[in-house]
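Keep in mind that what you see is a predicted model, and the values were worked out from it rather than measured. Within every chain, numbering begins at 1; the chains are lettered A, B, ... in the order of the sequence lines, protein sequences first and strands thereafter. These values consider heavy atoms only, across backbone and side chains, with no hydrogens, waters or symmetry-generated copies.
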Amino acid sequence: MYPLFYSFCFYLFGLIAIASALAFVTRRSPVAAALWLVNVLFCLAALYVMLDAPFIAAVQVLVYAGAIMVVFLFVVMLLNLGLPGELADARGLLAKILAGLAGIVLLAKIMSSRTAVPIESLMLRPDSLATVARIQGAVAPVAQPLFTEYLIAFEVTSILLLVAAVGAVLIGRRRAAAVEGVGAG
Amino acid sequence: MIAPALQAAALAAAPHPLSGTAADWVWALPLFPLAGFLVNAALAVVAVARPGPADPSADRHSAPDATAAGEDVAGHGPGAGDADAPPPARHRFASVVSLVGPLAVGLAFALACAIFAAMARVHPTTPFVQTYFHWIPAGDLQVNAAFQLDQLSLTLVLVITGVGALIHLFSVAYMGDDPGYARYFAYLNLFVFFMLVLVLGASYPVMFVGWEGVGLCSYLLIGFWYADRANADAGKKAFIVNRIGDFGFLIAMFLLFVQLGTLDYTGVLAAAPGGLEAGGPVVTVICLFLLLGCAGKSAQIPLYVWLPDAMAGPTPVSALIHAATMVTAGVYLVVRSGLLFAMAPAASLTVAVMGAVTALFAATIGLKQWDIKKVLAYSTISQLGFMFMAVGAGAYVAGIFHLVTHAFFKALLFLGAGSVIHAMHAAYHATHSHEDAQDMRNMGGLRARMPVTWILMWIATLAIAGVPLFAGFFSKDEILGTIFDRAGGSILRDAHWLGIPGGVVLYAIYGMGLVAAFLTAVYMTRLMLYTFHGQNRTGEAARPHLHEAPWLMTGPLLVLGALSAVGGFLNTPAFLPIGPAETLARWLDPVVGPATALIAAGAPGDADPRRGLLLSLIAAAVAATGIVVAVVRLGRSAPVRAGAAPETGIESVLAHRYYVDEAYDRGIVRPLLAFSNRVLWQGVDGLIDGLVTLGARVWVWFGGIGSALQTGRVGTYAWALVVGALVVLAITIR
Amino acid sequence: MREMLLAMGYDRWVLPALLLIPLAAAAIILLLPGDAERRWHSARAVALAAFTVEFLVSVGLWWSFDPATPGWQAAVHMPWIPSWGISFSVGIDGISLVLILLTTLTMPLTVLGSWTSVRTRAPAFYTLMLILTTGMLGVFMALDLFLFYIMWELMLVPMYFIIGIWGGERRIYASVKFFIYTMLGSLLMLVAILYVGFHVGNPAAPPGFGYDDLLTRLSVTPVAARWLFGAFFLAFAIKVPMFPFHTWLPDAHVEAPTAGSVVLAGIMLKMGTFGFLRFALPLFPQAALDPTIRAIVLTLAVVGILYGALVALVQPDFKKLVAYSSVSHLGFVMLGIFALTLQSVQGAILVMINHGISTGALFLLVGMLYERRHSRLIAAYGGIARVVPLFAALLTIVSLSSIGLPGTNGFVGEFLVLLGSFRTEPWFAFAATIGLILAAAYLLWAIQRILFERLDKPENAGLRDLNWRELGLLAPLIACIIWLGVYPAPVLRRTEPAAARFVHLVEHGYESAHPAPPRTPIIQPPKARGR
Amino acid sequence: MLAESIALSALLFVIGVVGVLTRRNAIIVFMCVELMLNAVNLTFIAFGRVYGYGAQAIVIFVMTVAAAEAAVGLAIVIAIFRHRQTVDLDSINLLKG
């Protein structure tokens with residue numbers, strides 16, 4: 001039902017994502033890890049496009065890969081943590097084995113679940129998202145629930161962002177100023 | 001609701017014969033003393049709140065140290081016995097108080113006389129009930145604030161206001177130099193108010209108001225000179241012992257209400273014959289609980305212990321409250337509930353036995369007391385015992401008769417004693433002596449110094465001893481005679497008391513009464529001999545200061561003396577040809593008639609007049625013997641000095657009042673306190689608190705575990721999170 | 001009077017206004033400017049003004065309340081959380097009426113009582129007192145169990161702080177003990193309230209917390225009813241406090257500042273008994289009247305009466321003595337409630353009022369003495385009647401009222417309780433009557449050791465007598481003592497329908513579950529009564 | 001493609017979890033959390049194809065929260081680093097109970 005090329009691309013990006021993720025968690029250097037993570041995010045953006053979510057894909061690239069990860073890198077460099085081996089940040093072998101075991105169990109558990117099967121009655125026709133996107137464009141269908149059903153949540157989120165921004169500024173200020181600021185708040 | 005319905009019906013049918021007469025003003029009777037109380041209390045409060053220059057309490061803030069403060073206490077009445085006091089100063093409002101206090105009671109007496117005149121004219125056969133407002137309305141319980149006027153309550157009202165007015169007058173002189181003068185009269189007026197409520201109340205709860213109210217005034221007046229711990233203790237003891245009695249009264253009321261559904265007298269009288277089984281357990285229990293109340297208020301065994309201690313109060317108080325009026329309330333209650341007691345012969349016999357035992361018991365103690373007021377106190381207990389013998393045997397008229405005559409001669413005795421104490425105190429005060437002004441061993445030979453008091457006291461002594469033609473003779477004779485009659489034939493004779501036939505019990509009571517009468521004559525003559533006769537033992541220095549009391553004190557004594565002499569003619573027996581016979585009996589008949597008739601059922605119809613005469617002669621002979629024995633035994637020998645070698649053997653037991661106070665203290669009071677302290681408070685509360693603390697400890701321990709889990713390391717938390725997530729997944733995802 | 005009030009729409013706004021006035025005043029106090037001294041002065045003035053206004057507003061209820069009208073009066077219903085069946089419903093019956101008036105009368109007096117004694121953090125103190133008032137009034141008027149619970153907790157927190165901040169030396173211990181005891185009970189009650197809310201009528205329907213709704217449609221199994229009653233019982237019994245749950249009270253009373261003690265004893269203890277009257281018994285009559293449970297509760301009540309009195313007898317600390325006397329008095333209330341006759345319930349309500357007045361006055365008097373001498377120990381005094389005669393006179397009057405002397409308020413309530421209880425539970429009533437003897441013993445002994453005997457402590461010789469402020473704040477209480485003793489009929493008339501309704505609800509609820517008469521009076525009433 | 005997407009999502013998520021568990025560098029742990037969030041986003045998008053656009057709105061929210069978290073979290077990291085000269089999570093236990 002899907003064209004072969006579509007499937008190929010899907011698997012390709014999926015495998016690159018997995019590989020990049022594995023590389024991400026195994027790199028010692030924070031800078032390298034961050035760059036591998038950016039790679040994962042790009043792959044996911046590609047998958048979003050294939051899953052009929054072009055707007056989200058764009059946002060993914062712009063906000064996640066572009067903004068958030070840059071901030072991470074920025075902090076890493078600010079704190080001068082870029083050099084590998086500066087501190088042995090991975091845990092010991094036992095922790096690694098246990099973590100691996102936990103991961104396998106978790107994966108097995110998720111994979112083995114049968115609850116994740118879609119509910120038939122609520123399912124849309126295949127391609128219906130693509131159809132809507134053809135008529136309304138990529139942005140409008142996303143905006144529709146955002147500004148109707150989830151309006152209040154949306155507004156609250158904006159406040160959350162504001163608070164986070166103010167909080168980040170307050171916490172990140174130099175120490176003397178921070179103490180004074182906290183006292184006043 | 002029977003009572004109001006009946007009442008309303010009666011009122012609708014025909015107005016009570018008393019309405020429209022002075023009896024319409026019955027509501028004003030207690031209001032006079034209440035107004036007096038309010039005025040005097042206000043004056044007392046104003047005096048202490050804003051000390052004026054002439055007020056002895058003005059310097060109260062300048063007391064330099066505790067000793068001075070302790071000595072300058074408000075306890076300088078004639079009875080307090082402290083010679084180092086500053087010169088006595090009249091209360092700032094003494095003149096107003098002297099006017100208001102006696103006047104309030106005097107006006108009430110005048111009104112009572114007017115009502116008496118009206119009632120004597122009308123001779124109502126039903127009680128006159130005035131209802132003012134609903135006091136406690138709750139469902140089918142309807143207690144109204146209402147007064148009931150009948151021959152019984154009016155008799156008591158006359159005694160209370162009449163004797164009360166005389167005692168108020170006496171107090172004006174006696175208490176004149178006391179710093180708490182206004183407070184004293186406030187309490188005294190309040191007492192008269194409550195006493196009037198007690199006798200006028202138309203239902204048991206209203207009576208209970210007066211019943212506890214007089215107890216309160218008694219408490220306040222006994223502890224009037226509260227700076228002395230003994231006085232304060234005595235007041236408290238009186239109140240608490242009375243409360244034990246009131247407990248019985250309350251239970252009796254509850255039982256009455258549960259059984260009859262009403263608590264006012266007319267309702268109870270109407271409902272009792274149908275609602276209670278005569279001679280049955282319920283009515284007997286009701287009466288026994290009422291009796292417990294009476295035992296408390298009227299100082300009968302086993303609750304008599306408070307009355308001797310109550311002598312700590314000022315002497316006029318002893319005369320008014322602890323001799324003439326309040327302590328007789330128990331007798332009034334039994335007579336008021338006469339029908340109930342008549343329906344419960346076993347309870348009636350209990351009343352009589354209690355009275356007889358008390359009369360005899362207290363008389364023996366009276367033989368060996370040295371404090372002049374203590375002798376009179378035990379004498380009062382003994383005489384009250386006579387009254388209970390009477391009402392227990394169904395001689396309700398005789399009981400009330402003795403109540404009235406006793407009010408005359410015992411008030412006289414107390415006031416006379418007060419006059420003596422006043423003189424003794426003044427003498428010791430002038431000579432700065434610390435001797436006891438109330439101890440008879442310090443008296444003697446006062447005849448020459450206080451002739452008026454001496455004569456009047458002898459009149460009272462002859463009256464109480466039962467010498468013919470004096471007041472006490474007729475009343476006591478009637479009591480003993482009636483008991484003898486009842487033993488011959490009545491429902492009491494046919495009843496049983498603890499398995500003993502009632503007749504036997506009554507004959508025994510008669511015998512005990514005779515012995516008690518004999519002892520009465522002995523100890524009273526002893527009192528007179530030691531106080532007024534023989535050598536004076538007051539002391540050389542103090543002797544010239546002994547004076548007769550002022551006229552304001554002797555005046556009331558004279559009136560009471562006259563009443564003690566002729567009071568007996570209120571109710572002369574039919575077989576004695578002196579004046580109109582049985583006046584009081586005819587007067588009280590509408591009230592006590594039904595109960596008397598019920599209890600005397602089965603008596604032989606015609607009493608032999610010669611037997612009555614014979615009994616009278618026996619009683620007179622007993623009294624005369626008592627006086628003679630006392631004179632012969634004690635006449636020539638002076639008593640031991642105060643503080644000399646103590647008595648031994650039976651005399652010691654008597655002098656220590658059979659160690660009853662000690663027994664109560666060791667057997668009840670102290671164990672109770674120790675139990676409360678050690679077991680209940682420190683034990684039970686400690687246990688509960690311990691359990692609570694233990695519970696808290698357990699949770700603190702759990703908290704410690706939780707706290708230890710908080711390592712503060714994010715890694716640990718992450719692990720906990722993952723494990724938790726796995727657990728949740730394991731549970732939820734199948 | 002009633003017509004005039006109704007014409008003002010009084011009925012429609014009075015109850016919400018009573019809840020809002022203290023909160024508004026609390027907000028004003030928090031915003032007061034100035035330094036500590038000025039804020040202290042202005043805070044107490046604002047608090048006094050607010051409580052006076054509160055009292056004046058509430059006093060209209062006395063006339064607007066019509067005993068002849070059935071049902072809740074001055075009721076206000078507003079939806080609150082409709083999806084859970086929760087509404088803001090308030091209304092009063094005779095019982096609420098008198099308790100609300102007691103509260104609004106007491107609060108201004110507590111402010112006057114704290115006028116000079118509370119100086120530190122005064123704004124916070126008065127703010128807490130005001131919030132506390134809202135909580136207490138809310139408890140008395142709530143007609144929704146959820147609202148009731150909120151108000152119940154609302155009054156707990158301020159009291160915790162009042163004891164913990166302005167209390168005596170062991171205030172932290174006392175406040176934590178108070179808080180934990182009360183919280184334990186109230187959390188169980190919350191569980192019970194939620195359970196009850198979800199078991200109204202149809203199981204599929206949304207939950208409901210309306211009181212009337214619960215009364216008519218609550219359907220729980222007998223076993224569940226027993227557990228639910230147990231939860232309510234524990235919460236209320238701790239608050240009362242009944243005998244084994246009372247040990248928080250002496251500590252809290254002793255350590256609390258005067259105003260705290262007055263409110264605690266005068267009003268908050270009534271929450272427990274009020275809870276029994278309003279919720280625990282009417283909602284679960286079949287559990288409450290179960291012969292075993294009833295016997296246990298009655299036994300605890302009577303044990304409390306005697307135990308409280310006996311322990312009060314040996315207290316060296318006057319405040320502790322009064323605290324234990326509260327255990328004793330509240331035992332009478334419990335006896336009256338569970339004896340379940342009109343007279344006993346009426347008496348229980350009166351005892352609640354009387355205890356509020358008398359014990360409140362006692363604590364105020366002790367507070368005045370404490371302010372002068374900084375000691376609550378009885379042994380620290382003696383003979384002070386001579387230096388402070390007015391104080392002595394008032395303490396005596398108040399003590400007599402607490403003893404239950406006829407002619408004072410104390411008598412009428414206890415008389416009714418005992419008389420009513422005697423009809424159904426004669427033996428319990430009999431034992432309880434002994435408590436009256438002990439009451440006289442402990443209080444008279446205490447006032448003797450404080451007021452009478454020798455003035456042998458030099459430091460007591462210079463005590464000042466009461467000033468005008470103190471006289472003025474005691475005067476209303478003394479007036480109530482005499483008024484309720486001589487003419488309690490107006491109060492009884494207003495509470496009678498509510499008491500009758502309570503008795504009917506409980507008995508009816510029990511009998512519908514148990515057709516056979518469950519108990520026979522020990523003393524059988526005579527057959528023909530002619531009534 | 002739903003099943004594949006979910007499988008991928010699960011795998012990425014587990015890799016993130018393992019990262020959180022094995023790394024001590026606070027910044028890397030943060031990045032692992034970001035990876036987990038992205039895995040979840042993928043699930044949303046995949047299901048969005050089946051259930052509609054609401055899922056994509058949710059993804060917007062997740063991203064916003066992630067941005068907020070990153071901002072505050074990194075600020076905290078900076079503050080801690082200034083204070084302790086380290087971002088090693090094992091050496092930070094200020095919240096020890």
Flag side-chain contact, heavy atom, 4.5 Å: D:Phe81 against A:Leu78: no
Taking the side chain as C-beta and beyond, is there a heavy-atom pair between A:Leu146 and D:Phe61 under 4.5 Å? yes
Do A:Leu98 and D:Leu21 pass the side chain to side chain contact (heavy atoms under 4.5 Å, CB included) test, and can you show the C-alpha distance, the side-chain angles, and the key distance before you say yes or no? CA-CA 9 Å; A:Leu98 281 176; D:Leu21 293 179; over 6 Å; no
If you count heavy-atom pairs within less than 4.5 Å of chain A, which of D:Leu74, D:Ile78, D:Val18 leads?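 When all of D:Leu74, D:Ile78, D:Val18 are compared, D:Leu74 has the most.
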Can you give each donor-acceptor pair under 3.5 Å made by side-chain atoms of residues 33-58 of chain A, sequence neighbours left out, with the distance rounded to 0.1 Å?
residue: A:Asn39; atom: ND2; partner: A:Ser20; partner atom: OG; Å: 3.0
residue: A:Asp52; atom: OD2; partner: D:Arg49; partner atom: NE; Å: 3.2
residue: A:Asp52; atom: OD2; partner: D:Arg49; partner atom: NH2; Å: 3.4

Does any backbone or side-chain atom of D:Glu34 lie under 4.5 Å from a heavy atom of chain A? Answer side chain, backbone, both or neither. both
Just give me the residue among A:Pro145, A:Pro141, A:Ala168, A:Gly167 that pairs up with chain D most often, heavy atom to heavy atom, under 4.5 Å.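 The option with the most such pairs is A:Pro141.
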Output, in order, the C-alpha distance, side-chain angles, deciding distance and verdict of side chain to side chain contact (heavy atoms under 4.5 Å, CB included) for D:Thr22 and A:Val25. CA-CA 9 Å; D:Thr22 52; A:Val25 289; 5.7 Å; no
What's the shortest heavy-atom distance between D:Asn25 and A:Pro30, and which atoms?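 Of all heavy-atom pairs spanning D:Asn25 and A:Pro30, the closest is ND2-CG, 3.8 Å.
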Might you point out which heavy atoms bring A:Phe24 and D:Cys32 nearest each other, and give the distance in Å? CZ-N, 3.6 Å
Do the side-chain N and O atoms of D:Asn41 and A:Gln60 include a donor-acceptor pair separated by under 3.5 angstrom?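 Not at all, the side chains of D:Asn41 and A:Gln60 share no donor-acceptor pair under 3.5 Å.
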Qualifying side chain to side chain donor-acceptor pair (under 3.5 Å) pairs with a residue from residues 65-76 of chain A, counting only residues at least two apart or across chains: none
Could you walk me through whether D:Ile58 and A:Tyr150 pass side chain to side chain contact (heavy atoms under 4.5 Å, CB included), step by step? CA-CA 9 Å; D:Ile58 300 287; A:Tyr150 301 115; 4.1 Å; yes
Which of residues 63-71 of chain A have a heavy atom under 4.5 Å from any heavy atom of chain D? A:Tyr64, A:Ile68, A:Met69, A:Val71
Look up atom CZ in A:Arg28 and atom CZ in D:Arg23, then write down how far apart they are to the nearest 0.5 Å.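 If I round to the nearest 0.5 Å, the distance is 8.5 Å.
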Ignoring hydrogens and angles, write down the donor-acceptor pairs under 3.5 Å from the side chains of residues 6-16 of chain D, residues two or more places apart or on other chains.
residue: D:Ser9; atom: OG; partner: D:Ala39; partner atom: O; Å: 2.7
residue: D:Ser9; atom: OG; partner: D:Thr43; partner atom: OG1; Å: 2.6

